Visitor: 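Just dropping this structure here.
Keep in mind it's a predicted model, so treat the numbers as computed, not measured. Just so it is clear: chains get the letters A, B, ... in the order the sequence lines come, proteins before strands, and each one is counted from 1.
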Amino acid sequence: MGKIQRICRKTPVFATFSTRTFLNLPDFSGVLSNFGTEGLWGRIRQLSPLHPPPCHPKFGPMSKGVTPRSHDYARWYTDVVQKAELADYGPVRGTMVIRPYGYAIWEAIKEAYDQRFRATGHSNAYFPLLIPKSYMSREAEHVEGFAKECAVVTHSRLRAADEGGVEVDPESKLEEELILRPTSETVIWAMYKQWINSYRDLPILINQWANIVRWELRTRLFLRTTEFLWQEGHTAHATEAEAREETLRILNIYREVAEQEMALSVVAGLKSDAEKFAGAVETWSIEAMMGDRRALQAGTSHFLGQNFAKAFDVTFRNEANEEDYVWATSWGVSTRLVGAVVMAHGDDKGLRLPPRIAPIQVVIVPIYKDESKVAVMEAARQLTGSLENAGLRVQLDDRDTVTPGFKFNDWEMKGVPVRIEIGPKDVAAKQVVLVRRDVEGKSTLGLDQVIQELPPLLDEIQDCLFKQAQAFRSTHTRQIVDWEEFREFMEWGGFAICGWDGDPASETAIKEKTKATIRTILEDQEPTDLACIYSGKPAKHTVVLARAY
RNA sequence: CGGAACGUGGCGCAGCCCGGUAGCGCACUUGACUGGGGGUCAAGGGGUCGCGGGUUCAAAUCCCGCCGUUCCGACCA
C-alpha cells in the first residue's frame with residue numbers, strides 16, 4: 001500500500017482528494033475526450049514534434065531575431081527570455097537581472113503561492129543571508145549536497161591598491177568564515193532550537209521569500225543561475241504524521257498553483273534516494289514537461305524526519321512529558337518557474353502567458369492616421385478605462401514612434417493573452433478587433449460587449465493553455481516495458497512510465513545509457529505485474545523516467 | 001573541472017591567410033512622408049579593434065602571454 005493511503009487514513013484532511021487527482025497521474029484517455037473545441041483539438045492532435053504548432057504562414061513563420069524552436073530549442077529559449085525583456089545577463093558569470101516584465105510574472109506566481117501558504121496557517125519571516133561556516137558541518141548528508149557550490153566570505157573589507165582600484169585587505173580576514181546560504185535549514189534550525197521547548201510551541205510554520213546562492217558551473221537564465229529567488233518553508237512538528245501531512249499539503253499547493261495559475265501540466269510523486277534532497281528522509285516533487293519534451297522539476301517538498309532536529313539537537317517535551325526530537329519539513333519553489341512557463345507555453349512568436357499570471361492581460365493597439373487620431377484615441381482611452389474598472393490588467397499602447405504592425409509583434413513576443421485593435425473603421429462601426437494569443441485568428445466584437453465578454457474569454461484562454469499543456473504531456477507520455485523501445489523513446493523525448501526494481505544500480509545504469517533519470521515514483525501505482533525496465537527483475541515501483549533540466 | 005570556439009560602435013557580424021585611410025546590418029538622433037502585421041526616403045552621431053608585451057617604417061591583421069565570454073560533457077532547483 002502506498003504512503004499516501006497510509007497518511008490518508010491517519011489524517012482525514014486528505015480524504016477529500018482522490019489519490020489520482022492528488023497526484024495528477026497521467027491519464028491517457030480523459031484529457032482528450034473532455035477537450036471541447038473540435039477544430040482546435042484537431043490542431044493540437046497534430047502537434048509534432050514541438051508544442052505548440054508552428055505559427056500559421058499567413059501570420060509569418062517566426063519572430064525576427066528569435067531562433068525557431070524546432071531549429072534550436074535552447075537558443076530559442078534564450079532569445080525569447082531576452083527579447084521579451086524578462087531577464088538579462090548580469091555582470092558576474094551566472095547571474096541574472098530580472099527585468100520589470102519578468103519580475104512582474106514572478107510576483108504574480110509568488111502572490112498565488114503566498115496566499116495559499118497564509119491560508120494554510122504559515123507566516124513569512126526572514127533569516128540572514130550569511131551563515132557561519134561551522135553550521136555546515138552539523139549535518140553531514142546535507143553538507144555533502146551543497147558544499148561543492150558554496151560561496152565563502154573570507155574578508156570584511158577592501159582597501160586602496162597601489163596600482164589604483166581596490167584590493168582585499170588581508171588584515172580583515174574573518175576569524176570564522178561565512179557562507180552565502182545555499183538554503184537556510186541550518187540557520188533556521190539553530191533558531192528553532194532556541195524557540196522550541198514544549199509541544200505547546202509547535203507546530204512552527206514559517207516561510208521565507210529570499211535570494212540564495214549556489215555556485216553553479218553551467219547556468220541558464222531562470223532555470224539555473226548562481227543567485228536566484230525562491231521561497232523556502234521550514235516547519236517543525238510534534239508528530240511524524242503531522243509532518244508527513246504537511247509535506248503533502250504543500251506538494252498539493254505546488255501542484256494546484258502550477259495547474260491553475262501557470263497552466264502547467266505536472267506529475268507529482270516521490271523522488272528516488274539518488275534524486276532526493278541530501279538532508280531529507282523523503283523528497284516529493286512536481287515535474288512539468290517542457291516544449292522539447294524534457295522534464296523540469298517545478299517544486300519540491302521534503303519530509304525531513306528528525307534529521308535536522310538531531311543535527312541541531314532540537315528536542316521538546318510532548319504531552320506525555322517525554323523528551324523527543326522535533327519532526328520537520330522544508331519545501332521550495334523558485335524563479336525557475338518563470339522559465340517553466342516560457343518553455344511550456346511559448347512558440348516561435350514568443351511567450352504565451354496564462355492570463356492569471358500575465359502582467360498585462362489585455363493590450364489595446366490604436367490604429368489611426370492624422371485625421372482620425374483624435375477619435376480613435378478617445379475611443380481607445382474610454383475602453384482602457386472601463387476595462388481597468390472591471391479589474392483587468394490592461395495597457396493602452398499609445399506609442400507614436402512605432403507602427404501598429406510592430407506593436408502586434410512586440411506584444412505577441414511578450415505573450416499578452418488578448419490584443420484589441422481599434423481603428424477608424426472600428427470606431428465607425430462601434431466594434432473592435434480581438435486577437436487571442438493562444439490560438440490563431442482574429443474576430444470582431446461590438447464595443448459595448450467587450451466589458452462583458454473579456455473576463456470569460458480570459459478564463460477560456462487560461463483553460464485552453466492548460467488543456468494544450470495536458471494534451472502535450474499526455475501525447476508524449478508512454479508506458480514502456482521493452483528496453484530497446486525505452487532507449488529510442490528517450491532519444492525522442494517524453495515521459496516513460498516504467499517498472500523499477502528499486503536498485504540504485506539500475507537507476508545509475510539507466511542514466512548512463514540513456515541520460516534519463518527517475519523523475520518521480522508513482523506511489524499509488526502498484527507495479528504488480530511489471531518488470532524493471534533495465535534489469536527485468538520484478539518491479540518494486542512504477543516510475544516516470546525522462547531526460548530533465 | 002575536461003573538450004571546442006569566439007572577443008572589432010549599444011547588439012549581431014565582415015575585415016585577419018596576403019600588415020598600409022576601420023566597414024556592413026540592426027539599433028540610435030533629426031526631418032518629411034506614412035500608419036489595419038516588424039514602414040519609406042533623406043541627413044546625422046557614435047569604435048584606445050578584450051588586456052599586456054614583442055616583431056615592423058607601419059599591427060584589428062603576424063608572434064607570445066593573460067583575461068573574459070559562449071557552446072559541448074561530469075554536478076544541481
Visitor: Tell me whether the OP1 or OP2 atom of G39(B) has a side-chain N or O from T403(A) closer than 4.0 Å.
Guide: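 Result: yes.
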
Visitor: Taking any strand in view, what nucleotide pairs with C71(B) in a Watson-Crick or G-U wobble way, both distances under 3.5 Å?
Guide: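 C71(B) is paired with G3(B).
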
Visitor: Using atom CD of E149(A) as one end and atom P of C75(B) as the other, report the distance to the nearest whole Å.
Guide: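 Nearest whole value for this atom pair: 12 Å.
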
Visitor: Round to the nearest Å and state the distance from Y89(A) atom OH to U70(B) atom P.
Guide: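 Checked: the OH to P distance equals 7 Å.
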
Visitor: Both I367(A) and E275(A) contact RNA chain B. Which one's nearest nucleotide lies toward the 5' end?
Guide: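 Checking each residue's closest nucleotide, the 5'-ward one belongs to I367(A).
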
Visitor: Hey, which of I188(A), N211(A), L130(A) is the one that makes side chain to side chain contact (heavy atoms under 4.5 Å, CB included) with R181(A)?
Guide: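 So, applying the side chain to side chain contact (heavy atoms under 4.5 Å, CB included) to R181(A) and each of I188(A), N211(A), L130(A), only N211(A) qualifies.
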
Visitor: Aromatic rings Y73(A) and W76(A): how do their planes relate, parallel, tilted or perpendicular, breaks at 30° and 60°?
Guide: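 Ring orientation of Y73(A) relative to W76(A): tilted.
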
Visitor: Are the aromatic rings of Y534(A) and F486(A) close, with centres under 6.0 Å apart?
Guide: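 No, the ring centres sit 6.0 Å or more apart.
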
Visitor: For A27(B), what is the paired nucleotide under Watson-Crick or G-U wobble rules, both distances under 3.5 Å?
Guide: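 A27(B) is unpaired by these criteria.
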
Visitor: Please state how far atom CZ in F406(A) lies from atom P in G38(B), giving the value in whole angstrom units.
Guide: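 The answer, rounded to whole Å, is 12 Å.
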
Visitor: Give the rounded distance in Å between these two atoms: CZ of R294(A) and P of A77(B).
Guide: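 Going from CZ in R294(A) over to P in A77(B) covers 15 Å.
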
Visitor: With both distances under 3.5 Å as the test, what is the Watson-Crick or G-U wobble partner of A14(B)?
Guide: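 Its partner: none found.
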
Visitor: Taking CG from L296(A) and C1' from A77(B), how many angstroms apart are they, rounded to a whole number?
Guide: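 To the nearest whole Å, that distance equals 8 Å.
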
Visitor: With a non-hydrogen cut-off below 4.0 angstrom, is D400(A) in contact with a base, only sugar-phosphate, or nothing?
Guide: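 The residue D400(A) makes base contact.
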
Visitor: Between OG of S443(A) and CD of Q431(A), what distance do you get to the nearest 0.5 Å?
Guide: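 The CD atom of Q431(A) is 10.0 Å from OG of S443(A), to the nearest 0.5 Å.
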
Visitor: Quickly work out the D370(A) CG to G39(B) C1' distance and round it to whole Å.
Guide: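 Roughly 15 Å, once rounded to whole Å.
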
Visitor: Do F277(A) and W331(A) make the cut of ring centroids closer than 6.0 angstrom?
Guide: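 Centroid separation for F277(A) and W331(A): 6.0 Å or greater.
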
Visitor: Find the partner of G37(B): check Watson-Crick (N1-N3 plus N6-O4 or O6-N4) and G-U wobble (N1-O2, O6-N3) distances, both under 3.5 Å, and reply none if neither fits.
Guide: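 When the pairing criteria are applied, nothing turns out to pair with G37(B), so the answer is none.
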
Visitor: Under 3.5 Å for both donor-acceptor distances, Watson-Crick or wobble: does A22(B) have a partner, and if so which one?
Guide: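 A22(B) is paired with nothing.
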
Visitor: Categorize K407(A) for me: base, sugar-phosphate, or nothing, with a 4.0 angstrom heavy-atom threshold over every strand shown.
Guide: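 Touches nothing.
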
Visitor: Under 4.0 angstrom, heavy atoms only, what part of the nucleic acid is Q297(A) near: base, sugar-phosphate, or nothing?
Guide: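 The residue Q297(A) makes sugar-phosphate contact but no base contact.
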
Visitor: Starting at the 5' end of RNA chain B, which residue's closest nucleotide do you reach first, V427(A) or Y549(A)?
Guide: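 With V427(A) and Y549(A) compared, the 5'-side residue is V427(A).
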
Visitor: If we call it a pair only when both distances are under 3.5 Å in a Watson-Crick or G-U wobble match, what pairs with U48(B)?
Guide: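 WC or wobble partner does not exist here.
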
